[in-house]
2 protein chains.
Amino acid sequence: MAQQTGTARRTPLSRERVLRAAVAFADRGGIEALSMRGLAQELDVVPMALYKHVANKEQLLDGMVDMIVGEIAPADGGDGWKAAVRGRVLSARAVLLRHPWAPRVIESRTAPTPGVLGYLDSVIGMLRAGGLSADLAHHAMHALGSRVWGFTQELFPSPPVADPQDRAEALGALSAHYPNIAEIVAARPHEPGSVVGGGCDDRFEFEFALDLLLDGIERLHRSAWSSTPQS
Amino acid sequence: MAQQTGTARRTPLSRERVLRAAVAFADRGGIEALSMRGLAQELDVVPMALYKHVANKEQLLDGMVDMIVGEIAPADGGDGWKAAVRGRVLSARAVLLRHPWAPRVIESRTAPTPGVLGYLDSVIGMLRAGGLSADLAHHAMHALGSRVWGFTQELFPSPPVADPQDRAEALGALSAHYPNIAEIVAARPHEPGSVVGGGCDDRFEFEFALDLLLDGIERLHRSAWSSTPQS
DNA sequence: ACCTGAACACCGTTCAAGT
DNA sequence: ACCTGAACACCGTTCAAGT
């Protein structure tokens, strides 16, 4: 009675419904707010009811990752492997922008889920279809690293300093101890549209590094690079 | 009395001693085992005693990061910016191999500590000393991302499958659903020295991607690249 | 003034008692 | 057989009572 308000029965729980609610919960309140107890309350259910559909919290997180990996746009052919991989990765990035908690959760997984393996397999397939050797494709995947999921580990979140005067003061304090950082921050172009809260242009930085890597991989491919050098 | 066994007074607590113990604790038992209560017990002290030296657990983690950043070898001049940055980053990697918990903690920081800023500033300084523009140095730092700390986000930890027969079976199961992954795993060279537990050669993968990025940055530098294209 | 035991408000998960 | 309340073994941190 404490859990069921009113007399109408709720939609019965299912793994699907649990996972969907968990994703929505994390989207709204952040991953650190997501608890089994809190999620149960959200679903108007006793905490232990969740354990009928997920073995434990780790498996809940696994399921959440699989769910959002499913949101990544499927591969489309044409335009060559480089454009295809680029497009797919940028699609993954768009997904992660909707689920800011996902990078941290992806990082914390200890074993790959089927959805994760399927996505990786399909990206490798795009490289192979483009003629890259298994060897180069392998190292290319490692080099791309978390970028195939659409995120990079930022060095640190740049603090949003909105007020111009605060900004000037912070810059002064910075340059006293960290002149090189201060120089970079000062030189940063400041277009209000593309830059959020005075930070760097995440999209630009992401594509800059992605293209640096894809161009380098393409160069190696053209020169028939191999990790075990031919004699 | 419950905390102090015997009559001899322990070395008095200090921030230094707390941080050092926390690092040792995480090195030994992993970061998820590190709790304020457990750390206090390790130091033979009542939990609340820690709060004299760190404001809370977040500040404890900040201090731990600063402590290991201090272990990174200082910059040495000569050999050009590329070799200098490369050497410094590989030194950072050596530090992180001693502290496997550090990547996850570094990622979870919400504001940079002085030690972190100092390290970043010095790496930027190396790029600038090599003649790179502030603009290029800025984007280069973003592109390197967590690699300047000596780690990359692995896609997922490759499960160590020691037994050759298990390995063959796992490969068969893999190829049924994920042919491209299976191909790469099968093609993987298998030198017992460099490869731990059947996984990839982490050192090779790290240097492969690092050099891809450094070479790309060098190429942009030589061509006087700018993020705001000259008309 | 300093230190610290107990308490608070949480966790994830086990388990036995209820239907 | 299924479901679930209570309990267990933890957390980080507050706070008031002790010295």
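Protein chains get the first letters and strands the later ones, always in sequence-line order, with residue 1 at the start of each.
Counting to the nearest Å, the P atom of C:dG12 and the CG atom of A:Leu50 are 10 Å from each other. Rounded to whole Å, the distance from NZ on A:Lys52 to C1' on C:dT13 is 14 Å. Rounded to a whole Å, the CG atom of B:Asn56 is 13 Å from the C1' atom of D:dT14. Straight-line distance from the CZ atom of A:Arg37 to the P atom of D:dG5: 12 Å, rounded to whole Å. Straight-line distance from the CG atom of B:Leu39 to the C1' atom of D:dC11: 14 Å, rounded to whole Å. Atom C1' of nucleotide D:dG12 and atom CD of B:Glu32 are separated by 17 Å, given to the nearest angstrom. Nucleotide C:dG12 holds its P atom 11 Å from the CD atom of A:Glu58, rounded to whole Å. Atom-to-atom, CD of B:Gln59 to P of D:dT13 comes out at 11 Å; the value is rounded to the nearest Å.
As rounded to the nearest Å, D:dG18 and C:dC8 have P atoms that lie 16 Å from one another.
Ion pairing between B:Asp62 and B:Arg109 holds under the 4.0 Å rule for side-chain N and carboxylate O.
Distance from the side chain of A:Met36 is smallest to C:dT13 among C:dC3, D:dC3, C:dT13. In this structure, the nucleotide among D:dC3, D:dC11, C:dG12 sitting nearest to the side chain of B:Ser35 is D:dC11. Ranking C:dA7, C:dT14, C:dT4 by closeness to the A:Met48 side chain, first place goes to C:dT14. Of the candidate nucleotides D:dT4, C:dG12, D:dT13, D:dT4 has the atom nearest to the side chain of A:Ala49.
The aromatic rings of A:His138 and A:His142 sit tilted relative to each other, their planes meeting at an angle between 30° and 60°.
At a threshold of 4.5 Å between non-hydrogen side-chain atoms, the residues B:Leu144 and B:Trp149 do not count as touching. Looking at heavy atoms from C-beta onward, B:Phe206 lies in side-chain contact with B:Arg147 at the 4.5 angstrom threshold. Under the 4.5 Å side-chain criterion, counting only non-hydrogen atoms from C-beta, B:Leu34 is in contact with B:Met64. Between B:Arg203 and B:Leu90, some side-chain heavy-atom pair lies under the 4.5 Å cut-off.
In secondary-structure terms, DNA chain C builds stems of at least 3 consecutive Watson-Crick or G-U pairs, each pair having both distances under 3.5 Å, at C:4-8 with D:12-16, C:12-16 with D:4-8.
Atom CZ of A:Arg98 has more than 12 neighbouring heavy atoms from other residues, nucleotides or ligands inside a 6.0 Å radius.
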